[in-house]
Amino acid sequence: MTESTLFNSTSNSPLHAPTVWCVGGTDSSGGAGVTRDLATLCDLGVRGCVIVTQVTAQSNSKMLAQAPMAPSVINEQWQALASEGLPHCIKIGAVANDEQAFSLCARIELLAGPRPFIIWDPVLQTSSMSTISRLSKEAIVQLLNVADIVTPNVSELAALSQYFRNQSTISSHHDARKAAKTLLATSNLAEHPGAEKATLLKGVFVKAGHADWQCDATDMYFTQTEDVSFSQPRCDAGELRGTGCLLASAIAGFYAKDYCVNDALTLANAYVRKVRNVSTSQRDKFHHPKAVGFPTNPDIFPTVCFKNSVFKTSANGEREISHQHSSPFEPFEPFVPIAPKRGIYPVVDSADWIERLLPTGVNIIQLRIKSDKKDSGQAWISEEIKKAVALTRGTSCQLFINDHWELAIEHGAFGVHLGQEDLFDADIKAIRHAGLRLGVSTHGYAELQRVKALSPSYIALGHIFATQTKTMPSKPQGLARLKQYVQLCADTPTVAIGGIDISRCKAVANTGVTHIAVVSAITKATNPIHAYSALNKEAGYA
Ligand SMILES: Cc1ncc(COP(=O)(O)OP(=O)(O)O)c(N)n1
Ligand SMILES: Cc1ncsc1CCOP(=O)(O)O
Ligand SMILES: [Mg+2]
């Protein structure tokens, strides 16, 4: 076959079923490499395909022989797969040598149309300390420039980053961050003028495995603008083979299942914990991962912490961090939960609406005044909040104020509702101290695991369906995920929001969510009072 017919046979449309191509070496012992990748993907219900870069003859403790594939054999495997359509994700593991790396990168760069997400797990050595990847600086730069994320452990991060900086050891979070930022900087638009933004390295996920300075086991994810950490108590129950491959292939699998990157990282962390818990309880010297399925149990999920950097460009054009917002929430006393009675939660934009809805007996309501009305000025907003507080005082209606936490405290509202961004700026301690309740928005696993550390009065989960009310940066979550989130929230009350109307509210209530928040289903109804009662009844709350 000629080069052009090979490429003509490539379908650019992604395959329908979640699919991951695993590029890497075989491990005859079954502990690591593509052998491990396939077992992980199968456990997660994802189709795994392989492109073998080398065959290794190894036992649990020894490497006996290695045979790298010729680049032409790698190309043939690639073409065989590509003729059936592209996967959602390509996970690259051990690449034996430069020749293989250059050929793979050329394949990836030639992909037209929306590219699969590319995870490079830079496996350099086996756990028995045999080198399985010898790459030059040029090959590393090329791989960094085709990958979306790279997932080194601390030793691999040190080995990769030594080419680009003076320091080669990593013995603190600060070192890890600096090394990761160095890798991110190699993927630079200026050096690749033809490159589209979407093809640049987005993040470096540093696996906690060899981070001996940590008390907890904390995986660290560094992007250009954000640091995210995923912490679990360290698990001393023996060593498990192939955890690096397990974690990277789980990330690939969850991404292929259409989870956003931060959620795929959170789920993969929980998955590895579950595998560890189950697989290391036996008495074998070498533990091999067992199939455990999709993670659902709250106990195995990490605590997630976000740190956002705000950049400023200096006079000489260099971008530097001007300050950072962080959210390592101090251990708070839990916020008082909302009343346990399940119900419809109207979200409205004026005190007049609250006055109109109060006679229905509504027991939770939110005043959400956004930008168009903000033009009326801070004084107007303050007046509206004051009126709303006065209207609900002495009633059983729990009034939450969206965004304006200082005014909510000033006027003595029942509670405040804050989104993820709001949490960086709000004084959570002051809200807690003033005795207000706190509701928080989340849009997936990572955010949920972030806010659980706050012990809020309720956790909002959204958006469940497409909504016309607000432009959302995330995808609709749907009912299946909502059900999983409700389970993860355990005893904390939950609120579903986004695109919920009378035709959907029964199915939403059936997920076990304690409250259903609606904007347009009430404010755009011909008869809002009737709409409120009908929603409550349909959900089975009345
Ligand atoms: C109950 C409920 N859930 C989610 C939101 C959204 O809050 P946030 O993410 O801060 O976005 P804005 O409402 O401020 O646009 C909410 N208000 N209420
Ligand atoms: C404020 C907000 N946050 C997430 S979805 C949403 C709007 C929900 O409005 P609607 O009920 O009309 O879809
Ligand atoms: Mg907000």
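In this chain, numbering begins with 1 at the start of the sequence shown.
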Which value, rounded to the nearest 0.5 Å, describes the distance between [X] atom [atom1] and [Y] atom [atom2]?
{"X": "K307", "Y": "S229", "atom1": "NZ", "atom2": "OG", "value": "9.0 Å"}
{"X": "Y221", "Y": "K207", "atom1": "OH", "atom2": "NZ", "value": "14.0 Å"}
{"X": "Y345", "Y": "I365", "atom1": "OH", "atom2": "CD1", "value": "9.0 Å"}
{"X": "L418", "Y": "S441", "atom1": "CG", "atom2": "OG", "value": "8.0 Å"}
{"X": "D263", "Y": "Q449", "atom1": "CG", "atom2": "CD", "value": "10.0 Å"}
{"X": "K537", "Y": "I502", "atom1": "NZ", "atom2": "CD1", "value": "9.5 Å"}

Give the minimum heavy-atom separation between [X] and [Y], together with the two atoms involved.
{"X": "A525", "Y": "A521", "answer": "CB-O, 3.6 Å"}
{"X": "F222", "Y": "L184", "answer": "O-CD1, 3.7 Å"}
{"X": "A256", "Y": "P18", "answer": "O-CB, 3.5 Å"}
{"X": "R234", "Y": "A217", "answer": "CG-N, 3.8 Å"}
{"X": "K91", "Y": "A248", "answer": "CE-CB, 3.6 Å"}
{"X": "F335", "Y": "L454", "answer": "CD1-O, 3.6 Å"}

Min side-chain heavy-atom separation [X]-[Y] under 4.5 Å:
{"X": "L265", "Y": "V228", "result": "no"}
{"X": "H173", "Y": "W213", "result": "yes"}
{"X": "E226", "Y": "N262", "result": "yes"}
{"X": "P302", "Y": "T266", "result": "yes"}
{"X": "W380", "Y": "I369", "result": "yes"}
{"X": "Y255", "Y": "D148", "result": "no"}
{"X": "L160", "Y": "L183", "result": "yes"}
{"X": "M220", "Y": "D227", "result": "no"}

Requested in this report: Give every residue pair that meets the ring-ring contact (aromatic ring centres under 6.0 Å, His included) criterion with at least one member in residues 466-505, sequence neighbours excluded.
Outcome: Y445-Y485

Report summary line: Applied to residues 488-508, the ring-ring contact (aromatic ring centres under 6.0 Å, His included) test, sequence neighbours excluded, yields none

Query raised in the report: Is the number of heavy atoms from other residues, nucleotides or ligands under 6.0 Å of D491 CG greater than 12?
Result: no

Spell out, as yes or no, whether a donor-acceptor pair under 3.5 Å connects the side chain of [X] to the backbone of [Y].
{"X": "Q224", "Y": "K202", "value": "no"}
{"X": "K274", "Y": "V292", "value": "yes"}
{"X": "T492", "Y": "Y458", "value": "no"}
{"X": "R342", "Y": "G540", "value": "no"}
{"X": "R437", "Y": "Q398", "value": "no"}
{"X": "K257", "Y": "L44", "value": "yes"}
{"X": "R115", "Y": "I108", "value": "no"}
{"X": "R273", "Y": "P233", "value": "yes"}
{"X": "K452", "Y": "L488", "value": "yes"}
{"X": "T494", "Y": "T514", "value": "yes"}

Report task. Could you walk me through whether E355 and S350 pass side-chain contact (heavy atoms from CB on, under 4.5 Å), step by step? Result -> CA-CA 9 Å; E355 190 164 20; S350 68; over 6 Å; no

Query - Ring geometry between F400 and F414 (parallel below 30°, tilted from 30 to 60°, perpendicular above 60°) - result: perpendicular

Report task. Check the pair L399, L391 against side-chain contact (heavy atoms from CB on, under 4.5 Å), reporting the backbone distance first and the verdict last. Result -> CA-CA 10 Å; L399 170 70; L391 283 164; over 6 Å; no

Query raised in the report: F117 pairs by side-chain contact (heavy atoms from CB on, under 4.5 Å) with which of I90, V20, I149?
Result: I149

Requested in this report: Please lay out, stage by stage, how R450 and L423 fare under the test side-chain contact (heavy atoms from CB on, under 4.5 Å).
Outcome: CA-CA 11 Å; R450 174 195 185 201; L423 286 172; 3.8 Å; yes

Looking only at side chains, do [X] and [Y] share a donor and an acceptor under 3.5 Å apart?
{"X": "S382", "Y": "H411", "value": "yes"}
{"X": "D501", "Y": "S503", "value": "yes"}
{"X": "T151", "Y": "D121", "value": "yes"}

Query raised in the report: With S231, which of D219, T218, T303, N269 fulfils side-chain hydrogen bond (donor to acceptor under 3.5 Å, both in side chains)?
Result: T218

Query - Among H417, K370, R368, the one residue meeting side-chain hydrogen bond (donor to acceptor under 3.5 Å, both in side chains) with D403 - result: K370

Query raised in the report: After noting the C-alpha distance and the side-chain angles of I409 and I431, does the key distance pass the side-chain contact (heavy atoms from CB on, under 4.5 Å) rule?
Result: CA-CA 7 Å; I409 293 176; I431 298 169; 4.1 Å; yes

Query raised in the report: With sequence neighbours left out, what residues match H463 under side-chain hydrogen bond (donor to acceptor under 3.5 Å, both in side chains)?
Result: none

Report task. Mark yes or no: R356 above the aromatic ring of Y532, with NZ or CZ under 6.0 Å from the six-membered ring centre and no more than 45 degrees from the axis. Result -> no

Requested in this report: Run the salt-bridge test on E384 and K387 with the 4.0 Å N-O cut-off and return the result as yes or no.
Outcome: yes

